[in-house]
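Down below is the structure, laid out as structure tokens.
No hydrogens, no waters, no symmetry mates; every other heavy atom, side chains included, goes into these values. Letters A, B, ... mirror the listed sequences (proteins, then strands); counts begin at 1.
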Amino acid sequence: MLDWYDVHRRVLPWRAAAGATADPYRVWLSEVMLQQTTVAAVTPRFLAWTARWPDFASLAAADDADVMAAWAGLGYYARARNLVAAAKAVVAEHGGVFPGTEAELRALPGLGAYTAAAVAAIAFGQRAVVVDANVERVVARLFAIATPLPAARPAIRAAADTITPDLRAGDFAQAMMDLGSGICTTRAPKCLLCPLRDACAGFAGGAPELLPVKAKKGVKPQRHGTIFWLDRGGQVLLVRRPDTGLLGGMRALPTGPWVDAAPGFEDAPAQADWRMLDIRVSHGFTHFDLDLSLAVAEVEAHQPSTESTEWWPIDRLDTAGLPTVFAKAALAVKGAIRRAA
DNA sequence: AACGCGTGGGT
DNA sequence: TACCCAAGCGT
């Protein structure tokens, strides 16, 4: 694997040159951004983020709202909140120096078993067993582990442990991920290009693409809701969502409750002459689909804001850092208003 | 130990 | 189109 990696390794912005030491801050940030998120989506965001907050100290001192806005569109927003919390902990509890052991890393917010192992191995050269979805797939095929996930996890981890080297464990982990990403892919693995082919029990068995076995997913529930668009002379009312739960801590358009049937004007952010637009916006989250009605109204100039609300210039809404579902809704409302004019 | 938690890309 | 999926974590 290491020989293969030395030839085929991907060049990525958070990776050190071959043989060089990676910057722990950049390794950590990239690992968190890459949680359940593709390299293609992460790359531009990583470059912008590191230009703005290049180290732990700058991130620990960053304004919370700026950080959340900078994360907008990447999803799983608890990651951004945990990044700041971890940076503050590094400054306050570790003298600004990132701890180098897997156990200490694991104790920081947002670093679970995978990320702590990956950072320990990649940034600190320690032997750690790094198991992500790529490694699960490669190992399940290599050892022909047919137990369905997630029950297979202990066996997969034990098998990964047996092939993890004492030296260059970080390169080994990245090699497994590059292999999983480009060769040992989910749908149609390119076994003829694989350096592990001769050792692969899954290949020998004739159907490596069927591994690992996964349970089928249930049906996603369909929910309905209302998004409120309140215009105050070219500004729109935004709220800050509660820190916990869906889209926690993010700037957002006001919403009503998410319900099973057709929604109404419940939880409108102000007394106003609300009317529903003739269009809908649909958005899929991980665990439910949302069908959104759009309620619009206008208020006079003196309409106040509160601690958790602010008026935002409509023509600069792209700078507000809205999660995708609200950016989508805003685009739809602006389009409808333009057509009506 | 399930489940809540986003989004964009691939097929 | 309607899925499935991606360098998971916290509770």
*Could you give the CD-to-P distance, from A:E136 to C:dC5, as a whole number of Å?*
12 Å
*Between C:dC9, B:dG6, B:dC5, spot the one nearest the side chain of A:T115, thanks.*
C:dC9
*asked:* With a 4.0 Å cutoff (strictly under), does any side-chain N or O of A:H287 reach OP1 or OP2 of B:dC5?
replied: yes
*To the nearest Å, how far apart are A:F285 CZ and C:dC5 C1'?*
18 Å
_Within a 6.0 Å radius of atom CZ on A:R275, are there more than 12 heavy atoms belonging to other residues, nucleotides or ligands?_
no
*asked:* Between P on C:dC5 and NZ on A:K217, what's the gap in Å once rounded to a whole number?
replied: 6 Å
*Are any non-hydrogen side-chain atoms of A:V27 and A:F124 less than 4.5 angstrom apart?*
no
*A:R187 or A:F288, whichever maps to the more 5' nucleotide of DNA chain B*: A:F288
*Nearest-nucleotide wise, let me know which of A:G245 and A:K328 is further upstream toward the 5' end of DNA chain B.*
A:G245
_d(NZ, A:K220; P, C:dC5) in whole Å_ = 13 Å
*asked:* If you compare all heavy atoms of A:L142 against all heavy atoms of A:A199, which two are closest, and at what distance to 0.1 Å?
replied: CD1-O, 3.6 Å
*Could you tell me whether A:W28 contacts a base, only the sugar-phosphate backbone, or nothing, with contacts defined as non-hydrogen atoms closer than 4.0 Å?*
nothing
_A:Y77 side chain near B:dT7 phosphate (N/O to OP1/OP2, under 4.0 Å)_ = yes
*asked:* Of the listed nucleotides (B:dT7, C:dG8, C:dA6), which one gets closest to any side-chain atom of A:L247?
replied: B:dT7
*Just checking A:G73: base, sugar-phosphate only, or nothing, at a heavy-atom cut-off of under 4.0 Å?*
sugar-phosphate
*Looking at A:D64 and A:R240, does any basic side-chain N land under 4.0 Å from a carboxylate oxygen?*
yes
_Protein-nucleotide distance (A:W71, atom CH2; B:dG6, atom P), rounded to Å_ = 12 Å
_Interatomic distance, A:L290 CG vs B:dG6 P [rounded to whole Å]_ = 13 Å
_For a quick check, tell me whether the side chain of A:T286 and the base of B:dG6 share a donor-acceptor pair closer than 3.5 Å._
yes
*Identify whether any heavy atom of A:P150 sits under 4.0 Å from a base atom; if not, whether one sits that close to sugar-phosphate; answer base, sugar-phosphate or nothing.*
nothing
*asked:* Looking at every heavy atom in both A:L247 and A:F326, which two are closest together, and how far apart are they?
replied: CD1-CE1, 3.6 Å
*A:L74 has an atom CG; how far is it from atom P of C:dG8, in whole Å?*
14 Å
*Tell me which nucleotide among B:dG6, B:dT7, C:dC5 gets nearest to the side chain of A:K214.*
C:dC5
*asked:* Counting distance alone, no hydrogens or angles: does the base of B:dG6 have a donor or acceptor under 3.5 Å from a partner atom on the side chain of A:T37?
replied: yes
*Do A:R45 and A:T37 meet the criterion of a side-chain donor-acceptor pair at a distance under 3.5 Å?*
no
*asked:* Of the listed nucleotides (B:dC5, C:dC5, B:dT7), which one gets closest to any side-chain atom of A:L246?
replied: B:dC5
*Between A:R137 and C:dA6, is there a side-chain N or O to OP1/OP2 distance below 4.0 Å?*
yes
*Has A:H283 got a side-chain N or O lying under 4.0 Å from the OP1 or OP2 atom of B:dT7?*
yes
*Roughly, in whole Å, what's the span from CZ in A:R241 to P in B:dC5?*
9 Å
